[in-house]
Peer 1: 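Let me give you the structure first, and then I'll get to my questions.
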Amino acid sequence: MIIREFHPDDAEQISQLFQRSVLELGRIFYTKEQVIAWAARGPRPENIIARNQGNMSTLVNSDTQGKILAYAELEHDGHIDQVYSLPEAARKNIVSALYDEIETLARNRKIKKLYTEASEGALRFFLKKDFTTLDRIDFEIEGVSIHNYNMEKLIS
């Protein structure tokens, strides 16, 4: 397991990882229609590269052969935008180790609060990491109702 900073060559793997994660893991908590709509909003490789040239820092957790198992994005204001893993990497502490590095990065940047919009599947993970649930957000993607949760954590 290797945790490292994003490189533009990672963009295609991240795009594919997002799709698999949403379509395979998301269906545990959401309907088929919801995960299809969610997956359609997934990042394209060129968008991933552009986001990482701005105010985004992405860390990846890969195996020794370079296969990305999970990734997490941290914006400079403390927003954790995306945390996704391959289905076969779920519940194996791969995301937990990655999150711990994101929190260390935030502390090093003197960020005092982390916040995210967690899916139903990510809710329990963030609760275990001592986030507080603020509220449920109900919204639509292309006419399909779906929800997630506003969550935050104060760090020092």
Side-chain angles (χ1 to χ4, degrees), residues 1-30 35 38-134 137 146-156:
M1 182 166 70
I2 301 164
I3 297 175
R4 61 174 174 76
E5 290 185 17
F6 166 85
H7 185 275
D9 293 342
D10 298 329
E12 184 64 39
Q13 276 194 77
I14 287 173
S15 179
Q16 292 173 7
L17 184 155
F18 176 91
Q19 292 297 313
R20 283 199 58 214
S21 183
V22 170
L23 292 172
E24 295 176 40
L25 296 173
R27 70 179 179 194
I28 297 168
F29 303 96
Y30 296 99
V35 296
W38 181 6
R41 289 183 49 182
R44 306 286 182 263
E46 59 274 11
N47 300 95
I48 295 166
I49 292 168
R51 287 165 55 95
N52 279 277
Q53 293 171 342
N55 68 343
M56 181 78 64
S57 295
T58 300
L59 296 180
V60 300
N61 195 333
S62 64
D63 65 16
T64 56
Q65 288 77 43
K67 180 179 182 180
I68 297 174
L69 306 171
Y71 73 96
E73 297 177 337
L74 176 67
E75 294 177 9
H76 293 286
D77 67 351
H79 182 234
I80 298 173
D81 191 31
Q82 296 186 9
V83 180
Y84 290 94
S85 76
L86 290 174
E88 59 269 24
R91 296 183 179 89
K92 295 185 179 174
N93 291 322
I94 290 167
V95 172
S96 185
L98 186 60
Y99 168 81
D100 292 345
E101 288 297 319
I102 286 286
E103 191 169 310
T104 296
L105 180 62
R107 281 193 174 92
N108 290 342
R109 292 182 177 169
K110 309 284 191 256
I111 294 171
K112 301 293 183 197
K113 179 178 80 171
L114 297 174
Y115 66 101
T116 193
E117 299 81 32
S119 67
E120 195 69 49
L123 176 66
R124 286 179 276 242
F125 171 81
F126 282 107
L127 288 171
K128 288 179 185 175
K129 292 295 184 179
D130 298 322
F131 276 70
T132 301
T133 304
L134 302 175
I137 308 164
I146 193 166
H147 68 276
N148 60 21
Y149 299 90
N150 272 326
M151 301 183 80
E152 71 176 16
K153 177 181 180 177
L154 300 178
I155 61 174
S156 54

Peer 1: Under a 3.5 Å distance rule, please check whether N150 uses its side chain to pair with a backbone N or O of L134 as donor and acceptor.
Peer 2: no
Peer 1: Where the side chain of S15 meets the backbone of P43, is there a donor-acceptor pair that is under 3.5 Å apart?
Peer 2: yes
Peer 1: Do Y115 and D77 touch side chain to side chain, with heavy atoms closer than 4.5 Å?
Peer 2: yes
Peer 1: I'd like to know whether I14 forms a side chain to side chain contact (heavy atoms under 4.5 Å, CB included) with F6, so could you lay out the CA-CA distance, the side-chain angles of the two residues, the decisive distance to 0.1 Å, and finally the verdict.
Peer 2: CA-CA 10 Å; I14 287 173; F6 166 85; 3.7 Å; yes
Peer 1: Locate the shortest heavy-atom distance separating Q19 from G42; write the atom from each residue and the value.
Peer 2: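 Closest heavy-atom pair between Q19 and G42: NE2-CA, 3.9 Å.
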Peer 1: Looking at side-chain heavy atoms only, is the closest gap between F29 and L123 below 4.5 Å?
Peer 2: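 SC-SC contact between F29 and L123 ruled out.
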Peer 1: Identify the two heavy atoms, one from V95 and one from S85, that lie closest to each other, and give their separation to 0.1 Å.
Peer 2: CG2-CB, 3.5 Å
Peer 1: Check the pair N108, T104 against side chain to side chain contact (heavy atoms under 4.5 Å, CB included), reporting the backbone distance first and the verdict last.
Peer 2: CA-CA 6 Å; N108 290 342; T104 296; 3.8 Å; yes
Peer 1: Distance from I155 atom CD1 to E103 atom CD, nearest 0.5 Å?
Peer 2: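 Reported to 0.5 Å precision, the distance equals 5.5 Å.
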Peer 1: Check whether any side-chain heavy atom of F131 sits under 4.5 Å from a side-chain heavy atom of I80, and report yes or no.
Peer 2: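 SC-SC contact between F131 and I80 confirmed.
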Peer 1: Side chains of L59 and E5: closer than 4.5 Å at any heavy-atom pair?
Peer 2: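 Counting from C-beta outward, L59 and E5 do come under 4.5 Å.
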Peer 1: Please determine whether side chain to side chain contact (heavy atoms under 4.5 Å, CB included) holds for the pair R51 and Q82, giving the CA-CA distance in whole Å, both sets of side-chain angles, and the decisive distance to 0.1 Å.
Peer 2: CA-CA 12 Å; R51 287 165 55 95; Q82 296 186 9; 4.2 Å; yes
Peer 1: Distance from N61 atom CG to I2 atom CD1, nearest 0.5 Å?
Peer 2: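 N61 atom CG to I2 atom CD1 measures 8.5 Å (nearest 0.5 Å).
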Peer 1: At their closest point, which heavy atom of V22 faces which heavy atom of Y84, and how far apart are they?
Peer 2: CG2-CE2, 3.8 Å
Peer 1: Which value, rounded to the nearest 0.5 Å, describes the distance between E117 atom CD and M151 atom CE?
Peer 2: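 Here the rounded value is 11.0 Å.
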Peer 1: Measure the shortest side-chain to side-chain distance between Y71 and I48 over non-hydrogen atoms and say whether it is less than 4.5 angstrom.
Peer 2: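 Contact flag for Y71/I48 side chains = no.
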Peer 1: Going from CG on L105 to OH on Y99, what distance comes out if it is rounded to the nearest 0.5 angstrom?
Peer 2: 11.5 Å
Peer 1: Would you say S62 and Q13 make side-chain contact, with heavy atoms under 4.5 Å?
Peer 2: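 Counting from C-beta outward, S62 and Q13 never come under 4.5 Å.
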Peer 1: What's the spacing between D130 CG and K153 NZ if we round to 0.5 Å?
Peer 2: 5.0 Å
Peer 1: Just so I know, are the side chains of R4 and V60 near enough to count as touching, which here means a heavy-atom distance under 4.5 Å?
Peer 2: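 With C-beta onward as the side chain, the pair touches.
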Peer 1: Looking only at heavy atoms, which two atoms of I49 and P8 are closest? And how far apart?
Peer 2: CD1-O, 3.9 Å
Peer 1: Minimum heavy-atom separation for W38 and S119, please, with both atom names.
Peer 2: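 Reported closest heavy-atom pair: CH2-CB, 3.6 Å.
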Peer 1: Testing the 3.5 Å rule here: is there a donor-acceptor pair between the side chains of S96 and K129?
Peer 2: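 Yes.
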Peer 1: Could you pull out the closest heavy-atom pair between R27 and V35, with the gap in Å?
Peer 2: N-CG1, 3.6 Å
Peer 1: For P45, is there any backbone N or O sitting under 3.5 Å from a side-chain donor or acceptor partner on E12?
Peer 2: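 No, E12 side chain to P45 backbone: no donor-acceptor pair under 3.5 Å.
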Peer 1: To the nearest 0.5 Å, what is the distance between CG (L69) and CD1 (I3)?
Peer 2: 10.0 Å
Peer 1: So, N52 side chain and T58 main chain: donor-acceptor pair closer than 3.5 Å or not?
Peer 2: yes
Peer 1: Got K67 and L86 here, is their nearest side-chain heavy-atom distance under 4.5 Å?
Peer 2: yes
Peer 1: Quick check: does any side chain N or O of R107 sit under 3.5 Å from a backbone N or O of S156, one acting as donor and the other as acceptor?
Peer 2: yes
Peer 1: Would you say E88 has more than 12 foreign heavy atoms packed within less than 6.0 Å of its CD?
Peer 2: yes
